[in-house]
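Only a predicted model underlies this, so the values are computations on that prediction, with no experimental measurement involved. Order of listing sets the numbers, starting from 1, for every ligand and every atom in it.
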Amino acid sequence: MKTFCGRANPTTGSMEWLEGDEDYDYHQEIARSRYADMLHDKDRNTKYYQGIRAAVCRVKERGEKAIVLDIGTGTGLLSMMAASAGADFCYAIEVFKPMANAAVKIVEKNGFHDKIKVINKHSTEVTVGPDGDMQCRANILVTELFDTELIGEGALPTYEHAHKYLVQEGCEAVPHRATVYVQLVESKRMWSWNKLFPVHVKAEDGEKIIVSPSEMENCPGVPSVCDIQLNQMPSSDFTILSDVVTMFSVDFSKPVRSASTYYRVQLEPVKSGKAQIVLSWWDIDMDPSGTINCTMAPYWVKSTSAFQWRDHWMQCVYFLPNEESVLQGEKVDLTACRDEYSLWYKLQKARGEEESKADVRVESPVCRCQAHLLWNRPRFGELNDQNRTRQYIKSLMKVLKTDSVCLCISDGSLLPVLAHYLGAKQVFTLENSSVSCSVMEKISVLVGEPFFTTSLLPWHNLYFWYARTAVASHLTSNVTILPQSASLHMMIVEFQDLWRIRSPCGICEGFDVRTMDDMIQVRRLKSFSTTLGKTNSLNFRESREAEPHPLWEYPCKSLSDPQEVLTFDFRKTVPQHCVSSKGSVNLLRKGKSHGAVLWMEYHLTADISVSTGLMEISNEKGNCEWNPHCKQAVYFFSSVIESEVLSDLPSAVTYAMNFDTKTGEITMDFKLLILSGI
Ligand code: SAH
């Protein structure tokens, strides 16, 4: 089957058609998904294995046959563990066809095909009986259906159904239980991801303040989970207001109810402050006694030194609908409400039993002000970044005159308001990436952050350049463009952990899962783009591409100096020819060259620039500080091992960058160069 899918090119804005054969899309999805990361999660894997062994033992001790139901088998890993642990038979259910196919191969390769039956169905479609998918109900229920919020992937309805139809009463479950923990904090940094703070503008005619309307102030925001690598949040960025408390737990060996409900705990603040955020994480006990425990607790809670890095399970940040002042020792009620798939929180003054029972229904947060639909959380953070705003104000003050007719091209930007406050004669704005210009007067100042909601990779914001080119006829001959130019920067890094997500899975807990690695390698995209309805280019993009990651969450150290690799002059229109460059960077520090990080810097005026990437290299070890609001592009090298082996030798990385102005694509090629020194 061929599938065509139309989309606007994020950089050029033109319509293009992507053709993908069935396999391609799935491989892409698998490659980008968290399967590899899960297989690298040693802590998770060993604990599942222990828990599964213990469950099989308990069943055998009762003199029963061990019949396992593994819902969401993925690679088949947990079923293979069960079979190795002595289970008599495993039903491995997987809804996602390409994964079910992979599971069949992996199970076969590891010699378990007579013990494990892979069923490509959603668990709620599975039938039991002599002619059914399963001969009989299982007495061991193994699953790993959890996301960072625990229930976001539908674990509750899946368990509810399984207990009703697929497993025996009194079955063993691995994990046996999950517990959700919460802690109340005050954090200006995290609060800035959900509310717009006042922006102070010192204009010639006095100070002006941009404040958000009350509708926005009181808006509860969006219900989607905010999951982050909380371990990268320095303790100076939040104030703890309560102890860690258990919010609720779920026993997976008993019937589970997925219907909406709520849980309430009483907290006694350990400090007075503004309660804004509920931090939350969970742990799972693999056995009933709780001796095999796998926890997502952040660094300040967890005492053990054995720390497992993982990206498939992180921690949650919940925003209270409004900030509430709390006093040390003065009790408050924290309510967690949940539906089948998500959780949200509410804080109230502690009240009597009867009183608090009265209003238990809390509506799931729905954005009423539109701002939370326009701006995602990092974008809120970016708009609230006062240093950044100051740079824009400074540069606008330089370029704006009283007769300036200003056009702003950026999505959901405050620049038009700033330009207005700073005295522009007229301000127009183009929103939502649609360059349809019906401006009466000639534009003398064209501004952009630039920021577009369609941008995934840093250079996608070069859309500004294309928009600027499209509106060229509306600009005065001496137009000022802000930013006047942009540059793409690159640096070679060693990641502390992020490298894992793209490293081969190989052998996992003794099972050969290399089939996964083969699948991930096959990432090809055939794409052709059409401009003005005509197919004008046909290209075959190779598998290796840069991918976006917010690097403040993923520590790395620089192995090279940052290098400017491409420049884009917005004062001119987009050229017809490609923009390319070649060069090399020396590796200055010992380390594993995992990849190159790329980011954009915008030169607002000749002397004012903002970086969307590297902020500083904070010490001689090369630890980097990244812009906390932006994702940077990461290009993983395929030959990490080589550079490790040769890390003692002085070496360099050569690069070739090409910006195809027709397609808006940046392709890159890197080679590790070993200088033989002696
Ligand atoms: N068990 C594997 C993979 C876990 S990922 C491991 O531990 O390594 C979860 C998998 O469950 C995904 O592949 C997803 O497609 C599948 N899944 C989730 N809910 C399911 C359901 N109700 N029925 C069948 N498969 C499900």
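Between atom 26 (C) of ligand 1 and the options T73, V95, V126, the minimum heavy-atom separation is to V95.
Across every non-hydrogen atom of M134 and V126, the tightest pair is SD-CG1, 3.7 Å.
Geometrically, ligand 1 and T75 share no nitrogen or oxygen pair separated by less than 3.5 Å. Of the polar atoms of D70, none of the N or O atoms is found under 3.5 Å from an N or O of ligand 1, judged by distance alone.
For E153, the closest heavy-atom approach to ligand 1 does not fall below 4.0 Å. Under a 4.0 angstrom heavy-atom cut-off, Y48 registers as lying outside contact with ligand 1. Residue R34 places no heavy atom under 4.0 Å from ligand 1. Note on ligand 1: H161 sits outside its first shell, no heavy atom being nearer than 4.0 Å. At a 4.0 Å cut-off, at least one heavy atom of E94 sits close enough to ligand 1 to count as contact.
Within the cation-pi definition used here (under 6.0 Å to the ring centroid, within 45° of the axis), R177 does not qualify as a partner of W282.
Scanning all protein heavy atoms for the shortest distance to atom 7 (O) of ligand 1 gives R44 NH1, 2.8 Å. Closest protein heavy atom to atom 20 (C) of ligand 1: L145 CD2, 4.0 Å. Protein heavy atom nearest atom 23 (N) of ligand 1, with residue, atom name and distance: S123 N, 2.9 Å. Here the heavy atom of the protein found nearest to atom 3 (C) of ligand 1 is G72 O, 3.4 Å. Of the protein's non-hydrogen atoms, the one nearest atom 5 (S) of ligand 1 is M38 CE, 3.5 Å. The protein heavy atom nearest to atom 12 (C) of ligand 1 is Y35 OH, 3.3 Å. In terms of protein heavy-atom proximity, atom 9 (C) of ligand 1 is closest to E144 O, 3.4 Å.
The F96 neighbourhood of ligand 1 comprises atoms 15 (O), with distances under 4.0 Å to a heavy atom of that residue. Which parts of ligand 1 touch T158 is read off a 4.0 Å heavy-atom cut-off, strictly below it: atoms 22 (N). Less than 4.0 angstrom separates some heavy atom of G74 from each of these atoms of ligand 1: 3 (C).
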Chi angles and distances behind the ring pair (Phe, Tyr, Trp, His ring centres under 6.0 Å) call for W313, W281: CA-CA 9 Å; W313 290 331; W281 57 89; over 10 Å; no
Evaluation steps, ring pair (Phe, Tyr, Trp, His ring centres under 6.0 Å), between F238 and W300: CA-CA 12 Å; F238 60 97; W300 65 93; 4.7 Å; yes
Y554/F495 under ring pair (Phe, Tyr, Trp, His ring centres under 6.0 Å): CA gap, chis, key distance, verdict: CA-CA 7 Å; Y554 304 98; F495 286 108; 8.1 Å; no
Trace of the side-chain hydrogen bond (donor to acceptor under 3.5 Å, both in side chains) decision for T295 with N293: CA-CA 6 Å; T295 178; N293 178 273; 4.7 Å; no
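Contacts between K97 and ligand 1, counted as non-hydrogen atom pairs separated by less than 4.0 Å, are absent for every part of the residue. With a heavy-atom cut-off of 4.0 Å, L39 does not touch ligand 1 at all.
Looking at E94, its side chain does come within 3.5 Å of a backbone N or O of G74 through a donor-acceptor pair. Panel note: side chain Q168, backbone R137; a donor-acceptor pair is recorded below 3.5 Å. Here the side chain of E149 pairs a donor or acceptor atom with the backbone of L343 at under 3.5 angstrom.
To the nearest 0.5 Å, atoms OG (S342) and CG (L150) are separated by 12.5 Å.
Between F511 and S84 there is a side-chain heavy-atom pair separated by less than 4.5 Å.
Ring to ring, F380 and H372 are close: their centroids are under 6.0 angstrom apart.
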